[in-house]
Amino acid sequence: MIIENQETLTDVVLAAMDGTQNARLKEIMTALVKALHQFARDARLTEEEFEVGLQILNRIGQETNDSHNEAVLFSDILGFSTLVCLLNNGNSGATETAAALLGPFWRKHSPSTENGGTIVRSKTEGPPLYVRGRITDPQRHAIADVEVDVWQASPVGLYENQDENQVDMNLRGKFMTDANGEFWFRSVKPAGYPVPTHGPAGDLLRAQNRHPYRPAHLHFLGFKHGFKTLITQVFVDGDERLNSDVVFGVTRHLIGEFKEHADTPSPDDPSVTHWCSLDYDFTMEPGEAKLPVPPIK
């Protein structure tokens with residue numbers, strides 16, 4: 001275990017971990033050590049730069065709290081969250097997937113809402129939006145009794161946990177698919193928004209001359225025992241930032257058709273003549289039903 005030089009260090013570290021009994025842990029840590037050591041060599045990392053990196057890791061932890069998850073955000077802006085999603089869905093990255101990254105704003109206990117109900121729980125300006133979704137298996141058979149969690153930012157570009165002008169759980173709701181695999185609800189058309197930039201993720205974006213914006217979208221999480229949990233987003237077609245999403249989350253399959261209706265009475269209020277609608281089909285694959293760890297409370 002005496003280190004002769006930097007070239008032999010990696011092999012010594014790997015040998016020290018050789019007794020790891022958990023085979024998957026051993027596989028992951030072996031890959032991690034190799035990648036980290038090679039990164040330091042490739043980047044010719046200085047001691048000062050190494051110290052800055054450790055400070056950033058510390059700040060990521062310090063900036064994470066019940067209402068903000070800097071670790072998830074930092075992973076997102078590096079494209080790492082999307083990469084993990086693509087590697088684990090769509091035939092291990094061989095085909096486009098309907099899955100997408102969870103993001104840093106999912107909360108576990110959204111209020112149960114009847115189909116046809118609204119997720120607008122406080123005064124929220126914006127064009128009314130009528131959403132109808134359908135969930136099927138890969139053979140196009142309807143899946144009933146899927147718990148569908150929905151969340152979105154308001155038209156001002158903030159989630160309710162970021163905005164004191166919105167009540168708790170505004171623009172969040174949980175629905176159940178019917179016998180036809182369908183669920184439907186009312187909301188307002190979402191807008192694009194900047195990710196939080198007060199922490200190290202924001203510092204990195206500024207240093208790279210990158211904008212912090214996400215295109216407008218809705219989040220969906222489908223859960224039912226016997227099926228792999230579906231985590232996805234549907235983006236507003238025509239959004240100016242579809243090609244430059246700060247977290248690299250847009251695939252072609254995830255761009256929805258948000259139809260604009262003008263001079264036509266809305267389905268439930270004849271006085272409203274400017275509104276939007278979205279119809280979107282989701283697919284859930286057989287597999288393990290497991291909820292992710294909520295990034296915030």
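In what follows, residues are counted from 1 in the order of the sequence shown. Just so you know, these numbers come straight off a predicted model, no measurement behind them.
Put simply, OG1 on T30 and NZ on K26 are 6.5 Å apart, with the number rounded to the nearest 0.5 Å. To the nearest 0.5 Å, atoms CD (E288) and NE2 (H225) are separated by 10.5 Å. The distance from atom CH2 of W106 to atom CD1 of I231, rounded to the nearest 0.5 Å, is 7.5 Å. Q233 CD to L218 CG: the interatomic distance, rounded to the nearest 0.5 Å, is 9.5 Å. In this structure, the separation between OG1 on T64 and CD1 on I296 is 11.5 Å, given to the nearest 0.5 Å. Atoms CG and CZ, on L205 and F74 in that order, are 8.5 Å from each other to the nearest 0.5 Å.
No hydrogens or angles considered: nothing links the side chains of R134 and T283 as a donor-acceptor pair under 3.5 Å. Residues D245 and Y213 bring no donor and acceptor atom of their side chains to less than 3.5 Å of each other. Neither side chain, N22 nor T20, offers a donor N or O lying under 3.5 Å from an acceptor on the other. Looking only at atom types and distance, the side chain of S154 has no donor-acceptor partner in the side chain of E160 under 3.5 Å away. The closest side-chain donor-acceptor pair between Q166 and D163 falls under 3.5 angstrom. Between the side chains of H261 and S266, no donor-acceptor pair is found at a separation under 3.5 Å. N165 and K123 share no side-chain donor-acceptor pair at under 3.5 Å. Judged by distance alone, the side chains of T273 and D263 never bring a donor and an acceptor atom under 3.5 Å apart. T46 and E49 are linked by a side-chain donor-acceptor pair at a separation below 3.5 angstrom, with hydrogens and angles left out of the test. Between the side chains of H37 and Q6, no donor-acceptor pair of N or O atoms lies under 3.5 Å.
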| task | Just do the salt bridge (Lys or Arg N to Asp or Glu O under 4.0 Å) check on R107 and D168 with the steps written out, would you? | result | CA-CA 11 Å; R107 299 175 67 187; D168 189 45; 2.8 Å; yes
| field | Worked check of side-chain contact (heavy atoms from CB on, under 4.5 Å) between I119 and F175 | value | CA-CA 10 Å; I119 62 174; F175 303 86; 3.7 Å; yes
| request: Please test K297 against H109 for side-chain contact (heavy atoms from CB on, under 4.5 Å), starting from the C-alpha separation and ending with a verdict. | output: CA-CA 9 Å; K297 292 185 179 180; H109 300 294; over 6 Å; no
| field | Stepwise side-chain contact (heavy atoms from CB on, under 4.5 Å) check, D281 with R140 | value | CA-CA 10 Å; D281 292 339; R140 306 300 296 167; 3.5 Å; yes
| task | List the steps, then state whether side-chain contact (heavy atoms from CB on, under 4.5 Å) holds for R210 with V246. | result | CA-CA 8 Å; R210 293 169 56 190; V246 66; 3.8 Å; yes
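Heavy atoms only, all atoms of each residue included: S67 and N161 are closest at O-ND2, 3.1 Å. Annotation for G126 and P155: closest pair CA-CG, 4.2 Å, computed over non-hydrogen atoms. Minimum interatomic distance between R206 and G199 (heavy atoms only, all atoms of both residues): NH2-O, 4.4 Å. Between D76 and P104 the shortest heavy-atom distance is OD2-CD, 3.7 Å. The heavy-atom pair separating L102 from P295 by the smallest distance is CD2-CD, 3.9 Å. Minimum interatomic distance between F223 and K290 (heavy atoms only, all atoms of both residues): CE1-N, 3.8 Å.
A donor-acceptor pair under 3.5 Å links the side-chain atoms of D237 to the main chain of F258, judged by distance alone. Judged by distance alone, the side chain of S81 and the main-chain N or O of L101 form no donor-acceptor pair under 3.5 Å. Side-chain atoms of K259 never come within 3.5 Å of backbone atoms of W275 as a donor-acceptor pair (strictly under, hydrogens ignored). A donor-acceptor contact shorter than 3.5 Å links the side chain of R186 to the backbone of G116. Proximity of a side-chain donor or acceptor of N180 to a complementary backbone N or O of E182 within less than 3.5 Å is not detected. A distance-only check finds a donor-acceptor pair linking the side chain of H217 to the backbone of P215 [under 3.5 Å]. Put simply, the side chain of S75 never gets that close to the backbone of F80: no donor and acceptor are under 3.5 Å apart. For E285 (side chain) and D137 (main-chain N/O), no donor-acceptor pair under 3.5 Å exists by modelled atom type.
With a 6.0 Å radius and a threshold of 12 heavy atoms from other residues, nucleotides or ligands, Q208 has its CD atom above the threshold. Open room surrounds CD on E164; 12 or fewer heavy atoms of other groups in view lie less than 6.0 Å from it. Open room surrounds CD on Q21; 12 or fewer heavy atoms of other groups in view lie less than 6.0 Å from it. No more than 12 heavy-atom neighbours from other residues, nucleotides or ligands sit within 6.0 angstrom of CG on N243.
Put simply, the side chain of L129 does not reach to within 4.5 Å of the side chain of S277, judged on heavy atoms. The shortest distance between side-chain heavy atoms of V236 and P190 falls below 4.5 Å. Proximity of S187 to Q152: side-chain heavy atoms (C-beta onward) are separated by under 4.5 Å at one or more points. Between C276 and Y130, every side-chain heavy-atom pair lies at or beyond the 4.5 Å cut-off. Between K189 and L278 the shortest side-chain heavy-atom distance does not fall below 4.5 Å. Here the side chains of V188 and P127 are not in contact, with every heavy-atom distance at 4.5 Å or above. Residues V146 and F227 form no side-chain contact, since every pair of their non-hydrogen atoms from C-beta on lies 4.5 Å or further apart. Looking at W151 and L171, their side chains never come closer than 4.5 Å, going by heavy atoms from C-beta outward.
A side-chain contact (heavy atoms from CB on, under 4.5 Å) with V148 is found for exactly one of T113, I135, N115, namely I135.
Cluster annotation: L86 is not connected to F248 through the hydrophobic network of ILVMFWY side chains, with a link wherever side-chain heavy atoms come within less than 4.5 Å. Cluster annotation: Y280 is connected to I143 through the hydrophobic network of ILVMFWY side chains, with a link wherever side-chain heavy atoms come within less than 4.5 Å. A single hydrophobic cluster is not seen to contain both V72 and F220; linkage of ILVMFWY side chains at heavy-atom distances under 4.5 Å, directly or through other members, places them apart. One hydrophobic cluster holds both L9 and M29 under the rule that ILVMFWY side chains link at heavy-atom gaps under 4.5 Å. By the rule that hydrophobic residues join a cluster once side-chain heavy atoms approach within less than 4.5 Å of another member, L158 and V247 end up as members of separate clusters.
Using the six-membered ring where Trp is involved, Y159 and F105 have ring planes that are parallel, under 30° apart on the 30 and 60° scheme.
We find that K224 and E147 are not joined by a salt bridge, their nearest charged nitrogen and carboxylate oxygen being 4.0 Å or further apart. One finds no salt bridge joining R172 and D149 here, because no Lys/Arg side-chain nitrogen approaches an Asp/Glu carboxylate oxygen to under 4.0 Å.
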